[in-house]
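The structure appears below as structure tokens.
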Amino acid sequence: MVHGRTSLCVIVSILISGLAGCASTGQIQQELDLINSSGIPRELDKATLPVYRVEPPDVLLIESVNNIRTQDAPLQVGDAVHVRLGNPEPIILDLNESPDAPLSEAERLQAQYKFEEEVRSKFLDGDFVIHPDGKVNLGPLYGNVQLEGLTLTDAQTQIEKHLTGYARDTEGNPIGLKNPQVSVTLPDLAGKQQVAGEHLVRPDGTISLGIYGDVYVTGMSLEEVRFTLQRHLSQFIHQPEVRVDVLAYNSKSIYVITDGGGFGERVQKLPVTGNETVLDAIAAIEGLSEVSSKRIWVARPAPAGTNAAQIMDVHWRAITQEGITSTNYQLFPGDRVYISADKMIQTDNFIAKATAPLERIAGFILLGSSVQKTLRFIHINNQGGF
């Protein structure tokens, strides 16, 4: 009789659940119709994200299209300058040949070679690198000249001044060149791209441009970053042109929060590419866990200073089993996808957590009782002579 009543209760429960399901299906359809008319971006009807704003810890890729130096840019260690001397000392070939002692052919060739070597030693025309001490080495004849920190015009004047006294006679008097004519140019006007490469937006909102200092870029669009960089570099480069792009989108994220059914919540952070939907986010965490229910919603951050919650329910079965895209919302930076736990599992876990201390206490009591019985048995056996 009891068994018959139990079966009847089960059947009634199934029928009631079926009727409730029909009612909820109609309600769900109304919700889907309302959502479809809301204009919220979703799968097959997506919107473009707002203009990207750079924030820490994004990584920017910067390239210098035009990095020609300004005319008054100072020379630096490592720069190569081309030095050309237009009027070296005149050198006369004197073979000291006399009719009584004519030179042989070998002696003539040796004298000619020596003459050419002397000419080459006095003639300057080549590239010279500024060494770490700030000087360029013009060769064993002319020695070193300090050029670091000078403009090209000042460097030319410095070299000309140096060449007027590069050597001394036996009495110590300078016997340098008279009115030397020197030209100093940069063989590579652009030089090295000091700003090219990857640049991390630091916690203080700035990026480093090496020898050109730091620039604040946080909160700017890429076009604003480009304009700011060019304006800053114009102090060092003639009409600078740079190209800026985002190499790593690290500052904008979405979050998938999975309820552990009474055993905490797991939060997973996913990068934003501008095309993610709810289904994409859940696929990125390899689907629903064993304790998850089909109750899912998207919590969209409200504007700063407001306490209004923006909650959008997700109909998981409609998305996955029927291909209805109404609630497969497009996700925006900062969105939270919350996956609730199964109520039965949550209740079971709650009971397990509540009864666990009692089970431990009961276990200790049973263990103590067992130990007591064992000791009593041993005591009786010892008294009986066993």
Side-chain angles (χ1 to χ4, degrees), residues 48-83 126-137 146-152 154-155 184-254 269-276 284 332-334:
T48 56
L49 268 62
V51 174
Y52 192 85
R53 298 286 173 177
V54 175
E55 292 181 297
D58 287 334
V59 179
L60 301 181
L61 180 63
I62 301 175
E63 288 184 287
S64 181
V65 180
N66 177 27
N67 59 331
I68 304 298
R69 302 189 192 190
T70 58
Q71 183 64 26
D72 56 350
L75 296 173
Q76 304 166 6
V77 171
D79 284 339
V81 293
H82 186 87
V83 181
D127 295 342
F128 300 89
V129 177
I130 300 178
H131 295 288
D133 60 357
K135 299 179 180 180
V136 294
N137 187 350
Q146 182 77 32
L147 296 185
E148 182 186 11
L150 302 180
T151 63
L152 288 178
D154 294 339
V184 180
T185 58
L186 286 171
D188 185 5
L189 288 176
K192 299 178 288 294
Q193 279 204 29
Q194 302 286 355
V195 301
E198 302 175 11
H199 297 264
L200 174 68
V201 182
R202 299 181 293 200
D204 62 356
T206 64
I207 60 174
S208 173
L209 297 180
I211 62 173
Y212 299 132
D214 300 335
V215 181
Y216 186 86
V217 297
T218 293
M220 298 181 184
S221 67
L222 292 181
E223 183 62 25
E224 291 170 343
V225 172
R226 187 180 69 84
F227 176 78
T228 301
L229 293 179
Q230 291 181 169
R231 184 177 59 184
H232 177 80
L233 291 172
S234 62
Q235 306 172 67
F236 315 97
I237 298 174
H238 178 67
Q239 296 182 354
E241 294 181 21
V242 298
R243 182 166 50 242
V244 182
D245 202 352
V246 180
L247 184 65
Y249 295 87
N250 297 330
S251 62
K252 309 296 187 294
S253 304
I254 54 179
K269 180 179 178 182
L270 304 177
V272 174
T273 64
N275 199 44
E276 292 84 6
F332 288 83

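Just so you know, residue 1 is the first one in the sequence shown, and it goes up from there. Worth saying up front: this structure is predicted, and the values here are computed from it rather than measured.
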Taking the side chain from Q235 and the backbone from H232, do they hold a donor-acceptor pair closer than 3.5 Å?
yes
Judged by atom type as modelled, is there a donor-acceptor pair below 3.5 Å linking the side chain of K252 to the main-chain atoms of R53?
yes
For P333 versus L49, what's the shortest heavy-atom pair and its separation?
CD-CD2, 3.8 Å
Take a 6.0 Å sphere around CD of Q146 and say whether it holds more than 12 heavy atoms from other residues, nucleotides or ligands.
yes
Shortest non-hydrogen separation from I207 to L200 and the atoms involved
CG2-O, 3.7 Å
Flag the pair E241 and R226 as a salt bridge only when some basic side-chain nitrogen lies within less than 4.0 angstrom of an acidic carboxylate oxygen.
no
Tell me the closest heavy-atom pair linking V136 and L147, and the distance in Å.
CG2-CD1, 3.5 Å
Give the minimum heavy-atom separation between Q76 and D79, together with the two atoms involved.
N-OD2, 2.7 Å
Qualifying residues under salt bridge (charged side-chain N to carboxylate O under 4.0 Å, His left out), relative to R243, sequence neighbours excluded
E63
From H82 atom NE2 to T185 atom OG1, the distance as rounded to the nearest 0.5 Å
5.5 Å
Report the C-alpha separation of V81 and L186 in whole Å, then their side-chain angles, then the decisive distance to 0.1 Å, and conclude whether the side-chain contact (heavy atoms from CB on, under 4.5 Å) test is met.
CA-CA 5 Å; V81 293; L186 286 171; 4.0 Å; yes
Using side-chain contact (heavy atoms from CB on, under 4.5 Å), reason through M220 and V54 one step at a time and then give a plain yes or no.
CA-CA 6 Å; M220 298 181 184; V54 175; 5.5 Å; no
For the side-chain contact (heavy atoms from CB on, under 4.5 Å) test, which of L209, L247, V59, L61 pairs with H199?
L209
Please confirm whether the backbone N or O of Y216 pairs with a side-chain atom of T206, one donor and one acceptor, at under 3.5 Å?
no
Keeping D58 on the side-chain end and V201 on the backbone end, is there a donor-acceptor pair under 3.5 Å?
no
What's the separation between atom CG in D245 and atom CG in L60, rounded to the nearest 0.5 Å?
8.5 Å
Minimal non-hydrogen separation, L270 against A284, with atom names:
CD1-CB, 3.8 Å
Do you know which two heavy atoms are closest between V51 and S221, and how far apart they sit?
CG1-CB, 3.6 Å
Yes or no on side-chain contact (heavy atoms from CB on, under 4.5 Å) for Y52 and V246, after CA distance, side-chain angles and deciding distance?
CA-CA 9 Å; Y52 192 85; V246 180; 4.2 Å; yes
Begin with the C-alpha distance, continue with both residues' side-chain angles, and end with the deciding distance and a verdict on side-chain contact (heavy atoms from CB on, under 4.5 Å) for Y212 and V195.
CA-CA 8 Å; Y212 299 132; V195 301; 3.5 Å; yes
Side chain to side chain, V244 and E223, heavy atoms closer than 4.5 Å
no
Quick one: are K135 and I130 in side-chain contact, heavy atoms under 4.5 Å?
no
Between V184 and the options T151, L152, L150, the side-chain contact (heavy atoms from CB on, under 4.5 Å) test singles out L152
